[in-house]
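The block underneath contains the structure these notes are about, expressed in structure tokens.
Note that the structure is a prediction, hence the values are computed from the model and not measured.
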Amino acid sequence: MNLYETVLLVNPELPLKDAQELSEKYQELIKKQNGEIVNTEAWGKLRLAYEVEGHKEGLYFLIQFKSDTPVLQELEKRFKYDDNVLRQALVRIDGKKFKLKKKSDEKEKKERARKGSPKDTEENAPKEENVEAAEEKTPTAEENPPKEENTKEKE
């Protein structure tokens, strides 16, 4: 089984409850085809960079799952004929290069760093060995006096 993710851009005029049911419908389709849902996120209504089918905003849903290839073909076919799905992206994720993280985990880490949590500041602080090595390598003014410019012009 390979790891995949799909991002759905859903019609913003669709009530939020119906849009969530649409996302759940596709999750059920994946499960029926022996797929495994890894992560789902509802990103909400976001402004689009350009109009898509006359809409300036869209509802975004992310579904990350493990599955075999036949599920992908079925999903793409259903996305194509669903009028409520304005756009979709379905990509394979290389599990060795990418680790899936929930958006909330990243927000918490940034929040801790912003507040100056001791755990984060200790991790990001330079080690004593590195500080001492850097101090040793930095030349002082006595060791390297400034170079004097040649004031005499060549004739």
Side-chain angles (χ1 to χ4, degrees), residues 1-139 144:
M1 279 206 211
N2 293 319
L3 188 61
Y4 298 95
E5 80 175 10
T6 184
V7 177
L8 300 176
L9 174 59
V10 179
N11 186 344
E13 295 172 358
L14 195 65
L16 186 59
K17 182 180 177 184
D18 292 342
Q20 288 174 338
E21 288 175 2
L22 182 71
S23 172
E24 290 171 7
K25 178 179 90 170
Y26 289 116
Q27 292 175 38
E28 289 299 319
L29 175 67
I30 293 167
K31 289 177 186 175
K32 285 180 184 177
Q33 300 277 339
N34 298 324
E36 175 187 341
I37 303 295
V38 176
N39 182 25
T40 60
E41 292 179 13
W43 292 345
K45 189 181 284 191
L46 300 173
R47 183 162 175 77
L48 302 174
Y50 56 90
E51 283 190 20
V52 176
E53 296 182 17
H55 300 287
K56 294 182 180 182
E57 295 180 327
L59 294 168
Y60 284 85
F61 293 93
L62 170 75
I63 304 171
Q64 296 171 331
F65 60 96
K66 291 182 181 178
S67 183
D68 293 324
T69 310
V71 176
L72 304 179
Q73 296 165 349
E74 183 66 25
L75 277 174
E76 287 179 343
K77 184 172 80 174
R78 298 230 179 156
F79 290 150
K80 183 178 179 180
Y81 293 112
D82 193 338
D83 293 333
N84 291 316
V85 178
L86 301 178
R87 293 282 190 274
Q88 58 84 24
L90 182 59
V91 295
R92 180 174 176 232
I93 299 174
D94 185 4
K96 295 177 184 175
K97 293 183 181 178
F98 299 103
K99 292 184 180 178
L100 298 178
K101 294 180 183 177
K102 287 190 176 181
K103 213 174 193 181
S104 59
D105 293 342
E106 293 172 11
K107 285 182 182 178
E108 289 173 10
K109 187 173 182 178
K110 286 180 183 177
E111 187 67 23
R112 282 194 315 246
R114 187 177 66 79
K115 289 182 179 179
S117 170
K119 181 180 178 184
D120 288 338
T121 53
E122 288 174 7
E123 290 175 0
N124 296 332
K127 305 248 188 268
E128 287 182 26
E129 302 161 355
N130 295 343
V131 172
E132 291 171 3
E135 288 174 354
E136 290 174 6
K137 291 179 183 176
T138 307
N144 290 336

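Taken to the nearest 0.5 Å, the CZ atom of Arg87 stands 9.5 Å off from the CG atom of Leu48. Annotation: the span from Asn34 atom CG to Lys66 atom NZ amounts to 14.5 Å, rounded to 0.5 Å. Separating the CD atom in Glu24 from the CG atom in Leu29 is a distance of 14.0 Å, to the nearest 0.5 Å. With rounding to the nearest 0.5 Å, the separation of CG in Leu22 from CD in Gln20 is 10.5 Å. Here Asp18 contributes atom CG and Glu13 contributes atom CD; the two are 13.0 Å apart, rounded to the nearest 0.5 Å.
Closest approach of Leu59 and Leu14 over heavy atoms only: CD1-O, 3.9 Å. The two atoms that bring Tyr4 and Ser67 nearest to each other are CE1-O, 3.5 Å, heavy atoms only. The shortest non-hydrogen separation linking Glu36 to Ile30 is N-CG2, 4.3 Å. Across Pro12 and Leu86, no two heavy atoms sit closer than the pair CD-CD1, 4.1 Å. Annotation for Lys77 and Tyr81: closest pair O-CD1, 3.1 Å, computed over non-hydrogen atoms. Summarising the geometry of Ile37 relative to Lys31, their closest heavy-atom pair is CG1-CE, 3.6 Å, with the distance given to 0.1 Å.
Under the 3.5 Å distance criterion, the side-chain polar atoms of Asp68 are left unmatched by any main-chain donor or acceptor of Pro70. Remark: the backbone N or O of Ile63 is not paired with any side-chain donor or acceptor of Thr40 at under 3.5 angstrom.
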I would like to know whether Val10 and Tyr60 meet side-chain contact (heavy atoms from CB on, under 4.5 Å); could you show each step before the answer?
CA-CA 6 Å; Val10 179; Tyr60 284 85; over 6 Å; no
For Tyr26 and Phe79, what are the C-alpha separation, side-chain angles and deciding distance, and is it a ring-ring contact (aromatic ring centres under 6.0 Å, His included)?
CA-CA 9 Å; Tyr26 289 116; Phe79 290 150; 4.7 Å; yes
Show the numbers, then the answer: is there a side-chain contact (heavy atoms from CB on, under 4.5 Å) between Val38 and Leu3?
CA-CA 9 Å; Val38 176; Leu3 188 61; 4.0 Å; yes
Step-by-step side-chain contact (heavy atoms from CB on, under 4.5 Å) determination, Leu9 to Val85
CA-CA 6 Å; Leu9 174 59; Val85 178; over 6 Å; no
Do Phe65 and Leu75 pass the side-chain contact (heavy atoms from CB on, under 4.5 Å) test, and can you show the C-alpha distance, the side-chain angles, and the key distance before you say yes or no?
CA-CA 12 Å; Phe65 60 96; Leu75 277 174; 3.8 Å; yes
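Looking at heavy atoms from C-beta onward, Arg78 lies in side-chain contact with Glu74 at the 4.5 angstrom threshold. At a threshold of 4.5 Å between non-hydrogen side-chain atoms, the residues Trp43 and Leu62 count as touching. Proximity of Gln88 to Leu8: side-chain heavy atoms (C-beta onward) are separated by under 4.5 Å at one or more points. Side chains of Glu57 and Leu46 form no contact here, defined as non-hydrogen atoms less than 4.5 Å apart. Residues Asp94 and Arg92 have side chains not in contact (no heavy-atom distance under 4.5 Å, counting atoms from C-beta outward).
Contact check on Lys32 versus Glu28 returns no salt bridge, with no Lys/Arg side-chain nitrogen under 4.0 Å from an Asp/Glu carboxylate oxygen.
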